[in-house]
Chemist: 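Could you have a look at this structure, given as structure tokens, before my questions?
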Amino acid sequence: MDASLSSDDLKFREEVRAFFHNAEPEAAQQLINNPRTYKQGAVQWQKKLHEKGWIAPFWPKQYGGAGWTVTQSYIYETERVKANAPDVVPFGLKMVGPVIYTYGNDEQKARFLPGILSSDDWWCQGYSEPGAGSDLASLTTRAVSEGGDYIVNGSKIWTTYAQYADWIFCLVRTDASGKPQQGISFLLIDMNTPGITVSPIQSINSVHSLNEVHFENVRVPKANRIGEEGQGWTYAKSLLAHERTVIARVADSKKRLNTLRQIASRELQGGQPVIKDASFRHRFTNIEVELMALEYMELRVLAAMARNESPGAESSLLKIKGTEIQQALHELTIELAGIYGGVVLDDGEPGSSVGHDFGDSARKDFMYGRASTIFGGSNEIQKNIIAKRVLGL
Ligand SMILES: Cc1cc2nc3c(=O)[nH]c(=O)nc-3n(C[C@H](O)[C@H](O)[C@H](O)COP(=O)(O)OP(=O)(O)OC[C@H]3O[C@@H](n4cnc5c(N)ncnc54)[C@H](O)[C@@H]3O)c2cc1C
């Protein structure tokens, strides 16, 4: 792709900057940073984007997308991070939304897409189970046909923000007789249906975002099944490729790298700014170079997606490199925080810190960041995908 900006692109960049200037993204980000006001902040921000017509720029125009070019998406993302503006919650907008408009029927599109765009419906992802993570096809949550409904029994785990969700998109087993990948169906389930319980899992950063979701004789209309019965694996795979592309988070890492540069220029070690230390510089510049390479890889994938090509196995490359870079940045930042990076303040309020002003966030980011090489399909599994589909091994 051509990465230079045309006069239209420059005009668009001004529009994006003006929007972020007026929309008070930092106030929304503050609400999001506080676990008690997380959902309120996310919904408030997303409604502003919706009003502007920018909530799902990557969707086809006919379903409410903005019809942006790849360069416009890139500009938006770069400016978003510069303005400290929140990213959207991915489960509705970046995961199930594209599955519904690609594989759903007209009634399903009319029923579900508006609530995703307006953020009136909060979605969560019910793929993983206590006995099915990397080997997702071994999932055992059963959906048994009964007239016009399915009766669902089983459990999902690690379900992010299920405590807020109105809807869950689920992989369920409708047939156990063939190969594991066959006989899986893709269901949209109303979280208010009798028989669903959500139990919290406290994560290492002291935040409650993870849950177990249990289904006991949950009645789900067959009208809520996406596509064909038994074809859920195909739909699930297309969603995962998009999910992995999202996880690379290049613009966020660029911002983090700049913040780290500022901290290292200000923090002293042996009377000298840390940035002058040869070993620090070596690690810092290694990350910088890798991030630059990742950015170009991401642009290539985005350009392919703009030509309506599926991100495919390239999304696995992005996921591996993107998450390794995120973790390397977290590690360098927490090293700079030193012992203050280990101080845990009991109230869970963001912004409170002892010693360095970045100590508390460095610790939380470092701890939660360990998960990035696991979620969206672990990095080892992504390497298996690359071995098979890219290298043909
Ligand atoms: C913070 C967080 C949020 C999440 N959110 C959600 C969510 O919202 N919805 C959802 O459905 N799931 C979610 N997940 C689940 C996530 O997708 C799984 O954790 C992930 O797929 C790994 O599965 P597992 O935890 O069962 O680990 P396992 O599959 O048991 O893997 C354990 C280890 O073995 C390795 N391994 C396994 N198989 C192979 C193999 N064939 N070759 C090489 N190495 C292998 C793995 O890489 C890993 O290191 C989330 C997970 C985390 C950590």
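Read the numbers this way: they start at 1 and go in the same order the structure lists the ligands and their atoms.
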Chemist: Could you check whether N84 and K255, counting side-chain N and O atoms only, form a donor-acceptor pair closer than 3.5 Å?
Modeler: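 K255 vs N84: donor-acceptor pair found between side chains.
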Chemist: Answer yes if a protein heavy atom lies under 4.0 Å from atom 30 (O) of ligand 1, otherwise answer no.
Modeler: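 Looking at atom 30 (O) of ligand 1, one finds that no protein heavy atom lies closer than 4.0 Å.
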Chemist: Determine whether any heavy atom of Y368 lies closer than 4.0 Å to an atom of ligand 1.
Modeler: yes
Chemist: What atoms of ligand 1 come within less than 4.0 Å of a heavy atom belonging to Y127?
Modeler: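 Answer for ligand 1: 11 (O).
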Chemist: I want to know whether Y101 and W59 have ring centres closer than 6.0 Å.
Modeler: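 Yes: the rings meet the under 6.0 Å criterion.
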Chemist: Are the ring centres of Y76 and F12 closer than 6.0 Å?
Modeler: no
Chemist: Parallel, tilted or perpendicular: which describes the rings of F375 and Y368, with under 30° parallel and over 60° perpendicular?
Modeler: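 Taking Y368 first and then F375, their aromatic rings sit tilted (interplane angle of 30° to 60°).
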Chemist: If you have a sec, work out which protein heavy atom is nearest atom 14 (N) of ligand 1 and how many Å separate them, to one decimal?
Modeler: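 Answer, as residue, atom name and distance: W158 CB, 3.4 Å.
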Chemist: I'd like to check atom 50 (C) of ligand 1 in this structure: does the protein have a heavy atom lying under 4.0 Å from it?
Modeler: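 Yes, there is a protein heavy atom closer to it than 4.0 Å.
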Chemist: Go through ligand 1 atom by atom and flag the ones less than 4.0 Å from a non-hydrogen atom of Q125.
Modeler: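 Per the distance check, 7 (C), 8 (O), 9 (N), 10 (C), 11 (O).
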Chemist: To which protein heavy atom is atom 48 (C) of ligand 1 closest, and what is the distance rounded to 0.1 Å?
Modeler: E380 OE1, 4.2 Å
Chemist: Under 6.0 Å from the six-membered ring centre of Y38 and within 45° of its axis: does the NZ or CZ of R36 meet both?
Modeler: no
Chemist: If we count only N and O atoms by modelled type, under 3.5 Å, do the side chains of S145 and K222 hold a donor and an acceptor together?
Modeler: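 Side-chain D/A pair, S145 to K222: present.
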Chemist: Answer yes or no for K48 and W45: cation-pi contact, defined as NZ/CZ to six-membered ring centre under 6.0 Å and angle to ring axis within 45°.
Modeler: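 No, K48 and W45 do not form such a contact.
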Chemist: Suppose we measure from atom 26 (O) of ligand 1 to each protein heavy atom; which comes out shortest, and what is that distance?
Modeler: G133 CA, 3.3 Å
Chemist: Return yes if a side-chain donor-acceptor contact under 3.5 Å exists between D166 and N192, otherwise no.
Modeler: no
Chemist: Starting from atom 2 (C) of ligand 1, find the nearest protein heavy-atom neighbour and note its residue, name and distance.
Modeler: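 Ranking protein heavy atoms by distance from atom 2 (C) of ligand 1, first comes F375 CD2, 3.6 Å.
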Chemist: May I ask whether atom 35 (C) of ligand 1 is less than 4.0 Å from at least one protein heavy atom?
Modeler: no
Chemist: For atom 18 (C) of ligand 1, grab the closest protein heavy atom and report residue, atom and distance to one decimal in Å.
Modeler: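 I find the closest protein heavy atom is S128 OG, 4.0 Å.
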Chemist: Taking atom types as modelled and ignoring hydrogens, do the side chains of H214 and S199 form a donor-acceptor contact shorter than 3.5 angstrom?
Modeler: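 Yes, because at least one side-chain N or O of H214 sits under 3.5 Å from a partner of the opposite role on S199.
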Chemist: Any idea which atoms of ligand 1 are less than 4.0 Å away from a heavy-atom of I381?
Modeler: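 Those of ligand 1 that fall under 4.0 Å from I381 are 38 (N), 39 (C), 40 (C), 41 (N).
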Chemist: Tell me the contacting part of N384 for ligand 1: side chain, backbone, both, or neither, using a 4.0 Å heavy-atom threshold, strictly below.
Modeler: side chain
Chemist: Got a protein heavy atom sitting under 4.0 Å from atom 10 (C) of ligand 1?
Modeler: yes
Chemist: Does a side chain donor of either E295 or Y74 reach within less than 3.5 Å of an acceptor in the other side chain?
Modeler: yes
Chemist: Using heavy-atom distances, let me know which of I204, T160, N211, I374 sits nearest atom 20 (C) of ligand 1.
Modeler: I374
Chemist: Ring centroids only, cut at 6.0 angstrom: are F186 and W233 within range, meaning strictly under it?
Modeler: no
Chemist: With a cut-off of 4.0 Å, which atoms of ligand 1 are near a heavy atom of A371?
Modeler: 1 (C), 53 (C)
Chemist: Is it true that, when you exclude R281 itself, more than 12 heavy atoms of the residues, nucleotides or ligands shown sit nearer than 6.0 Å to its CZ?
Modeler: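 Atom CZ in R281 is not crowded, with 12 or fewer foreign heavy atoms closer than 6.0 Å.
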Chemist: Which of the atoms of ligand 1 are close to L210, meaning less than 4.0 Å from one of its heavy atoms?
Modeler: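 Those atoms are 1 (C), 2 (C), 3 (C).
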Chemist: What protein heavy atom sits nearest atom 46 (C) of ligand 1, and how far away is it?
Modeler: S378 OG, 3.5 Å
Chemist: Quick one: look up the protein heavy atom nearest atom 28 (P) of ligand 1 and list residue, atom name and how far away it is.
Modeler: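 Here the nearest protein heavy atom works out to S134 OG, 3.6 Å.
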